[in-house]
Amino acid sequence: MSSVKWLVESGCLKKVPSKYAYEKNPEDRISEDEETIPTIDYSLLTHGTPIQRFKVIQDLGNACQEWGFFMVINHGVPKKLRDEIINSTETFFNLTEEEKQEYRGNELLDPIKCGTSFNVRVDKPLMWRDYLKILVHPHFVSPHKPVGFSEVLQEYCKRSREVASELLKGISKSLELEENYITKRMEVEVGSQMFVANLYPPCPQPEIAMGLPPHSDYGLLTLLIQNHLGGLQVMHKGKWVPINPLPDSIIINIGDHMEILTNGKYKSVVHRAVVNGHGTRISIGTAHGPPLETIVSPAPELANLPPPAYRGIKFREYVELQQSSQLIGKSCLDRIRI
Ligand SMILES: O=C(O)CCC(=O)C(=O)O
Ligand SMILES: [Fe+2]
């Protein structure tokens, strides 16, 4: 299956080929309010006074409960590193189709996988998106091309793990649990981290194509950065809210495993990526979760009243289920609700 990038660059497309034609839900509403996702000042979480910390933990809890999405500012991941990971990812996608073939991957959880759409075996229609997914933790691997990619990838992923683990401490506190509760219970230090780069080439008819359809993410937390182009929309109170992140911020969202662990107190939220007609959008997510063999179930501290609402499932099994199915809202999580 050729990449969307190749399709766009190899001819002068005036129309979206029919296999990419995406029928939007006629009931979709785009929010026109100014309202957007909350902002969390990370530096107050890590270096604030006790009062500032108390307040930011409350804000974090509210953001998780009300939106499932927020932006973090003052996170300490240098702009240079964020630019470098976006630029080197772009350079990766600029390799020839033959060079990228090496990373096509045959198995669902091959540590390095490069491809198009979400899952070409089941997607109907195809998505206007190419991707590179790398399981970077606990065992770091990287494509050996382009030159320098591996070093930047390793550093960016390490810095994003640091941010994720501080946020998980704050989230534990917001649930009135001990600060290291989630990181310990989910063995986050030896947990899995998936790097997912999305490339959305310019689309001749953006209104009838989709970059990524409505879905929630697996894992505990996802960190997301993007180049200069927007496209992320978050479902909130029945409307799609377009996200325009503050400069230098990182977007964070709750994944399905946080919903399971908190017994539904913090819910994963459906989001999608729309495409545009003028330029190539790149977004880079890192999904943070437990080790693949860990069984995730509701924390007993949070699953007494109300009783457990999800059955326990091995992280690997859940990821395989999600990655092998069509991406449809929260359909994967629905399968393990009690
Ligand atoms: O490109 C985006 O803004 C969203 C990407 C996304 O939702 C994902 O990779 O799971
Ligand atoms: Fe996502």
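Just so you know, these numbers come straight off a predicted model, no measurement behind them. Both counts, for ligands and for their atoms, begin at 1 and track the order of listing. Side chains are part of it too, since the values below use all heavy atoms of this structure and drop only hydrogens, waters and symmetry mates.
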Can you list the ligand 1 atoms lying under 4.0 Å from a non-hydrogen atom of S283? 1 (O), 2 (C)

Below 4.0 angstrom from a heavy atom of Y200, which ligand 1 atoms are there? Numbered from 1 as shown, please. 1 (O), 2 (C), 4 (C), 5 (C)

Considering non-hydrogen atoms of the protein only, which is the closest contact for atom 3 (O) of ligand 1, and what is the distance? R281 NH2, 2.8 Å

Region of D217 engaging ligand 1 - heavy atom pairs below 4.0 Å: side chain

By number and element, which atoms of ligand 1 are closer than 4.0 Å to a non-hydrogen atom of A273? 1 (O), 2 (C)

Side chain proximity check, W128 to P206, heavy atoms < 4.5 angstrom: no

Find, among atoms of H215 that are N, O or S, the one nearest to the Fe ion (ligand 2), and state its name. NE2

Between the side chains of Q323 and Y218, does any donor sit under 3.5 Å from an acceptor? no

Regarding R272 and the six-membered ring of W240, is the cationic atom NZ or CZ under 6.0 Å from the ring centre and inside 45° of its axis? yes

Start with the C-alpha distance between S117 and Y20, add both sets of side-chain angles, then the distance that settles side chain to side chain donor-acceptor pair (under 3.5 Å), and finish with yes or no. CA-CA 9 Å; S117 194; Y20 293 89; over 6 Å; no

H288 and S160, any side-chain heavy atoms less than 4.5 Å apart: yes

Candidate pair Y181 and E301, rule side chain to side chain contact (heavy atoms under 4.5 Å, CB included), full reasoning: CA-CA 10 Å; Y181 184 90; E301 291 80 350; 2.5 Å; yes

Counting both backbone and side chain atoms, is some N or O of R129 under 3.5 Å from an N or O of ligand 1? no

Looking at D217, the N, O or S atom sitting nearest the Fe ion (ligand 2) is OD1

Between the side chain of Q322 and the main-chain N/O of V319, is any donor-acceptor distance below 3.5 Å? no

Side-chain donor-acceptor pair present, S268, K330, cut-off under 3.5 Å: yes

Nearest non-hydrogen protein atom to atom 8 (C) of ligand 1, with distance, is L212 CD1, 3.6 Å

Contact with ligand 1 for R272, non-hydrogen, under 4.0 angstrom: no

Less than 6.0 angstrom from the centroid, inside 45 degrees of the normal: does K133 satisfy that with respect to the ring of Y131? yes

Test item, Y131 contacting ligand 1 (heavy atom, 4.0 angstrom): no

Distance filter under 4.0 Å to H271 heavy atoms, resulting ligand 1 atoms: 7 (O)

If you scan protein heavy atoms around atom 9 (O) of ligand 1, the nearest is N198 ND2, 3.1 Å

